[in-house]
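Values below: every heavy atom of this structure, side chains too, minus hydrogens, waters and symmetry copies. Each ligand, and each atom within it, is numbered from 1 in the order the structure gives. Position 1 is the first residue of the sequence, and the numbers go up from there.
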Amino acid sequence: DGLVSHGGRRFMSRWSKGPRPFLRMCFGSDSTPFAITTPLFYVNADPHMGSAYTTMATDALSRSLRMSGKKPVMITGCDEHGDKIRMSAEKLGRSPREHCDKVSSEFVSLFDKFGIEYDRFCRTTNPAHETIVLQFMNRVWDNGDIYKSEYEGLYCTGCEEYKDTKDLVNNDECPIHLTRCELRKEENYFFALSKYQNRIEK
Ligand SMILES: [Zn+2]
């Protein structure tokens with residue numbers, strides 16, 4: 001579940017050759033800096049074993065790299081955007097802000113208890129994070145990769161996603177939540193992934 005990422009074409013060309021060159025990059029003599037990140041945990045609920053597991057795995061990798069003289073940047077943090085978070089906050093009688101502050105501090109204290117040596121705890125509501133996302137989105141927008149269109153489908157609020165009709169049970173119920181999916185029609189912004197299809201396939 002934990003992702004290992006590294007910016008730039010150099011990484012992509014290495015990764016495309018399979019995991020071995022990638023591991024050599026981490027453990028060999030190559031001192032290219034890189035980031036290791038856990039998932040950014042969703043703050044709709046308190047941390048659980050899964051949150052601890054991925055973070056310990058990432059921490060273990062990061063520590064072994066440091067011991068071999070590398071300088072990985074280990075990132076963890078919370079994703080604080082989503083309808084589900086707003087609903088959890090409402091249920092608990094908190095404002096979304098209060099709720100995010102409370103739950104993300106639970107993650108910080110969990111990782112402290114486990115002695116996780118992360119370099120950055122990133123909250124998606126950090127002004128610095130918002131600035132970077134905005135810059136990135138503007139680049140994508142200026143590049144003409146985003147277009148507006150309509151999407152209609154059966155939506156499960158619990159999963160926060162549209163479902164394929166073939167995956168539903170009892171006609172229109174989510175197989176996970178066993179609640180009825182609602183027909184939603186939205187005007188959305190889409191990313192023109194098809195523009196990059198050839199490059200991705202290569
Ligand atoms: Zn569902």
Neighbour count >12 (heavy atoms, 6.0 Å) for atom [atom1], [X]:
X	atom1	answer
K71	NZ	no
F136	CZ	no
R63	CZ	yes

Report the residues that fulfil side-chain hydrogen bond (donor to acceptor under 3.5 Å, both in side chains) with Q197, sequence neighbours left out, ordered by chain and then residue number. E201
Could you please give the number of protein N/O/S atoms within less than 2.8 Å of the Zn ion (ligand 1)? 4
Could you pull out the closest heavy-atom pair between C100 and V43, with the gap in Å? SG-CG2, 3.9 Å
Nearest 0.5 angstrom please: F121 CZ to I75 CD1, how far? 12.5 Å
